[in-house]
Amino acid sequence: MDCLFCKITNRELNSDIILENDKFLVFKDIHPKADVHVLIVPKKHIDSVDHITEEDAKFLGDIFLTAKEAAKKLGVSQAYKLAINVGKDGGQEIDHLHMHLLAERKEVSDT
Ligand code: 5GP
Ligand code: ZN
């Protein structure tokens, strides 16, 4: 299957990896739309949320734990957004289910 995110999760293509566990790879979005913009991507290919099976649902809850861990590692705990686009008309460009984690870093004042 010619899937960009499958190629990234199985390391055929490079990405800027934030963290990895047995089910997910978290890497930086190539065109960030916020100070922090990473993608949480299941290693198993699933086209979209519309294609989740009962079997998939057993492990996909862990996407939230992985997001939480990534946010902590990126220093944005308690200040981020999670988003999943579903289908072309829902804004999904890559047909491999993924969650966006977006956050703005607070400005650091010298005073
Ligand atoms: P979607 O619109 O499908 O929800 O999000 C796809 C995201 O993947 C976009 O934010 C886009 O910038 C990102 N993206 C597309 N191609 C690549 C790539 O080759 N590497 C990385 N790291 N991100 C990509
Ligand atoms: Zn895939």
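We count ligands from 1, going down the list as the structure has it; atoms in each ligand are counted the same way.
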Self-check item: Distance, nearest 0.5 Å, that separates CG of Asn10 from CG of Leu25
Solution: 10.0 Å
Quiz item: Is Arg105 paired with Asp35 through a side-chain N to carboxylate O contact shorter than 4.0 Å?
Solution: no
Quiz item: What is the distance from atom CD1 of Ile30 to atom NE2 of His37, rounded to the nearest 0.5 Å?
Solution: 12.0 Å
Self-check item: Polar atom proximity, Gly91 to ligand 1 (N or O, under 3.5 Å)
Solution: yes
Quiz item: Which is closest to atom 7 (C) of ligand 1 in terms of heavy atoms, Asp29, Val86, Leu13?
Solution: Asp29
Quiz item: Which of the atoms in ligand 1, numbered in the order shown and given with their element, are less than 4.0 Å from a heavy-atom of Leu39?
Solution: 8 (O)
Quiz item: Side chain, backbone, both or neither: which part of Asn85 comes within less than 4.0 Å of ligand 1 when only heavy atoms are counted?
Solution: side chain
Quiz item: Do any nitrogen or oxygen atoms of Ile94 lie less than 3.5 angstrom from nitrogen or oxygen atoms of ligand 1?
Solution: yes
Practice problem: Would you give the length of the straight line joining atom CD1 of Ile18 to atom OG1 of Thr66, rounded to the nearest 0.5 angstrom? | Solution: 13.5 Å
Quiz item: Can you find an N/O atom of His98 closer than 3.5 Å to an N/O atom of ligand 1?
Solution: yes
Quiz item: Once the angle between the rings of Phe27 and Phe5 is folded into 0 to 90°, is it parallel (under 30°), tilted (30 to 60°) or perpendicular (over 60°)?
Solution: perpendicular
Self-check item: Test item, Ser15 contacting ligand 1 (heavy atom, 4.0 angstrom)
Solution: no
Self-check item: Nearest neighbour in protein (non-hydrogen) for atom 19 (O) of ligand 1
Solution: Leu4 CD2, 3.6 Å
Practice problem: Considering heavy atoms of the protein only, find what lies nearest to atom 3 (O) of ligand 1 and give residue, atom and distance to 0.1 Å. | Solution: Glu93 N, 2.7 Å
Practice problem: Just jot down the ligand 1 atoms closer than 4.0 angstrom to any heavy atom of Lys33, in number order. | Solution: 10 (O), 12 (O)
Self-check item: Distance filter under 4.0 Å to His31 heavy atoms, resulting ligand 1 atoms
Solution: 12 (O)
Quiz item: ligand 1 versus Asp16, non-hydrogen atoms closer than 4.0 Å: side chain, backbone, both, neither?
Solution: neither
Exercise. Please lay out, stage by stage, how Phe24 and Leu39 fare under the test side-chain contact (heavy atoms from CB on, under 4.5 Å).
Key: CA-CA 10 Å; Phe24 301 96; Leu39 302 169; over 6 Å; no
Practice problem: Return yes when Asp95 approaches ligand 1 closer than 4.0 angstrom through a heavy atom, no otherwise. | Solution: no
Self-check item: Distance-minimising heavy-atom pair for Ala103 and Ala34
Solution: O-CB, 3.6 Å
Self-check item: Minimum-distance N/O/S atom that His96 presents toward the Zn ion (ligand 2)
Solution: ND1
Quiz item: What distance do Lys44 atom NZ and Leu97 atom CG have between them, rounded to the nearest 0.5 Å?
Solution: 10.5 Å
Quiz prompt | N/O/S atom name from His45 that is nearest to the position of the Zn ion (ligand 2) | solution = ND1
Quiz item: Any N or O on His37 sitting closer than 3.5 Å to an N or O of ligand 1?
Solution: no
Quiz item: Heavy atom under 4.0 Å from ligand 1: found in Ile84's side chain, backbone, both, or neither?
Solution: neither
Quiz item: Is any N or O atom of Ile30, backbone or side chain, closer than 3.5 Å to an N or O atom of ligand 1?
Solution: yes
Quiz item: Are Asp95 and Lys88 ion-paired here, with the side-chain N under 4.0 Å from a carboxylate O?
Solution: yes
Quiz item: What's the shortest distance from atom 22 (N) of ligand 1 to any protein heavy atom, and which residue and atom give it?
Solution: Lys28 O, 2.9 Å
Practice problem: Look up atom CD in Glu93 and atom NE2 in His98, then write down how far apart they are to the nearest 0.5 Å. | Solution: 7.5 Å
Quiz item: Under 30°, 30 to 60°, or over 60°: which ring-plane class applies to His45 and His96, parallel, tilted or perpendicular?
Solution: perpendicular
Quiz item: Between Asp56 and His51, which heavy-atom pair has the shortest distance, and what is it?
Solution: OD2-O, 3.9 Å
Quiz prompt | Atom indices of ligand 1, in the order listed, that fall short of 4.0 Å to a heavy atom of Phe5 | solution = 8 (O)
